[in-house]
Structures are given as structure tokens and as C-alpha cells.
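Each remark here refers to the structure printed beneath this line.
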Amino acid sequence: MVSIQIVLALSNIMALTDVIPSDRPLRVAVLTGAGISAESGVNTFRGQDGLWNGHRIEDVATPEGWIIDSEKVWAFYQERRRQLKDVEPNSGHLALSELEKRMEAGCFTLITQNVDDLHERGGTENLIHMHGELRLVRCEVCEHKFEAMDSKHLENDEFISCPECGHAKVRPEIVWFGEMPFKMTELQRAVIDCDLFLVIGTSGNVYPAAGLLGQALSSGSYCVGFNLEPPLNVDLFHEFHQGLAGELLPLFVQELIDIMM
Ligand SMILES: [Zn+2]
């Protein structure tokens, strides 16, 4: 099922030839958001009704919510964590890891707003989870961070204690509303240094995505957007491809690989 948007997008790809440097390898940065996870069936917060699977964001995704009712917040994330085994990377995730494999070492950075593990399971290696990871938990007392995905961690909604200091309940390693995203300096550097910036499955008009797009543009990067709906700032992109990431990205990546060869 190839939509008209893909055909139009392919004709635009010719402009990509201008972004390949003649004297060094191409550098690519990618920002992904909820859209690419939603295509794999991940239950995501997309903001339309301010609810996440029936929960108010203030209740389950803020530091205040954790203080007020940590049992409710923990149960919410335990459900998300258990659901990871029920979803698989889609062809959009796989296309991005294929692109990374074709590039010089150190020239590809994938920044994701998603907290699932679909990019790493799809094979992406240089990956920044700016909003945290469902697989991880963190002790608020000693800051010890660890993966907690064994069956003993997931079988119920009991709190997990810290193996380092014994604190009775670790928190999800998730950036909640009002908290600073992880690795901002590192990911901004990747965006500023890139020749080509791909923004996938995110509206691009909400901070921090909008800020990163602005930084990429002002540093001269060629910016390409992919989303089901055009964002308000669609005119800022050099190219915008409307549709499913799982349909658009394999075609786009193949075109880019052909150009790089
Ligand atoms: Zn601890």
C-alpha cells in the first residue's frame, strides 16, 4: 500500500545529494517520538486528550504524582514495563538501524523521546534515550541505576528495593514532566554537528523537539520530517514526508544509501 505522499517524497529526495560532504563522511542525527512506537502497538501518550491510557499525566508522570501516590505511579509503569514483551520493532526501526550500519563509526546518533526498547531491539547502537527507559530503575537515595526486567521484578506491582543501599522503593528511570531530559549536552552536540537531521513520529512543534530542529537549522543541517500529520511548523523542514514511519523510512533510507554509495 504505497501512498501518494511516498511518491512525492521520493522526488524530493534528489535534493539530498547536496547534503553529502565531499571531503568527509556524512553525519546524521535522528529524533524519534511516539509515532514510530505507536506503529508497533505501544500504548503512548500523544497528548490529544491529556490522558495516558486513561490516566491523568499529572498523576502518573510528574515528580509530584510520585510523592502523592507512588503505589499508583509504580503500578502504571509496571504495566508499561510488562507490555514491552508484547511489541516488536517495526520496519521503521529496522530501517534506521540499517542506515547506522552503512555509516562511518561515530557519524550516526539516534535520539529518542520514547521510553520503550524498540530501537535497541531493532539493532540501533548509538542511541540516546532523552526521556529515560522503561527497562531501568533508579534509587533516589544513592542514585544507583539498574535494569529490572527479570520475572521477579515484573510479576507483581510490589516495589523493588535498591540492591546497593537497601532503600525500599526505586523509581522508574523516566524523565517526568518538569524534569530535565537526559544527556542534553550530548544530544545537542549531535544535532548541531549533523549534516542531515531526521525528525520522525513527533510533531516537532513542542519543546524539546522544536528546539532541536531550530538548532539543526541554524547550524546548516538539512532537515527532513516524517509524521502522520504535518506539524504546525512543517515549513521549517527542507522535506516533509506524510505517512507511516514503517512505510516511509525503508524507502527513504534506501535512497540515502544509494546516494552515499
Ligand atoms: Zn540505593
Side-chain angles (χ1 to χ4, degrees), residues 31-34 37 40 42-45 47 50-89 93 109-191 207-209 211-212:
L31 174 68
T32 65
S37 291
S40 284
V42 176
N43 198 332
T44 62
F45 168 63
L51 297 177
W52 189 354
N53 206 24
H55 294 274
R56 295 186 336 141
I57 293 306
E58 304 91 295
D59 294 342
V60 296
T62 63
E64 294 77 17
W66 175 245
I67 291 167
I68 291 167
D69 191 347
S70 51
E71 284 186 10
K72 175 182 186 170
V73 174
W74 183 248
F76 175 80
Y77 285 98
Q78 282 292 80
E79 191 182 337
R80 310 268 89 68
R81 285 153 41 75
R82 284 192 285 263
Q83 284 170 352
L84 289 178
K85 69 178 185 346
D86 300 329
V87 293
E88 297 294 333
H93 296 104
T109 304
L110 200 162
I111 302 154
T112 187
Q113 299 174 296
N114 301 330
V115 295
D116 59 62
D117 56 359
L118 293 175
H119 281 301
E120 45 269 61
R121 282 164 55 198
T124 294
E125 293 186 357
N126 193 19
L127 176 64
I128 298 175
H129 274 283
M130 67 184 293
H131 290 165
E133 301 176 53
L134 283 168
R135 301 180 65 85
L136 303 180
V137 294
R138 181 174 90 239
C139 176
E140 291 182 288
V141 174
C142 73
E143 295 295 314
H144 178 56
K145 186 167 79 173
F146 58 103
E147 183 167 307
M149 294 298 289
D150 294 343
S151 55
K152 68 176 183 196
H153 297 129
L154 297 174
E155 64 192 359
N156 56 41
D157 292 345
E158 301 281 312
F159 286 117
I160 298 172
S161 60
C162 174
E164 289 293 318
C165 76
H167 180 56
K169 59 180 185 188
V170 295
R171 61 165 276 178
E173 177 70 332
I174 299 290
V175 176
W176 285 324
F177 288 87
E179 296 183 319
M180 183 66 79
F182 295 141
K183 300 187 177 176
M184 282 299 284
T185 304
E186 185 182 335
L187 67 88
Q188 284 175 332
R189 174 52 56 197
V191 170
Y207 185 85
L212 293 175

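Note that ligands are numbered from 1 as they come in the structure, with each ligand's atoms numbered from 1 the same way.
- Between the side chains of Glu79 and Trp74, no donor-acceptor pair of N or O atoms lies under 3.5 Å.
- Rounding to the nearest 10°, we obtain 100° for the angle at the Zn ion (ligand 1) between Cys165 SG and Cys139 SG.
- The Zn ion (ligand 1) has no N, O or S atom of His167 closer than 2.8 Å.
- Of the residues Lys72, Arg82, Gln78, the one that meets the side chain to side chain donor-acceptor pair (under 3.5 Å) test with Asp157 is Arg82.
- Looking only at atom types and distance, the side chain of His167 has no donor-acceptor partner in the side chain of Ser161 under 3.5 Å away.
- Rounded to 10 degrees, the SG-metal-SG angle spanning Cys142 and Cys162 at the Zn ion (ligand 1) equals 110°.
- A side-chain donor from one of Glu120 and His129 sits under 3.5 Å from a side-chain acceptor of the other.
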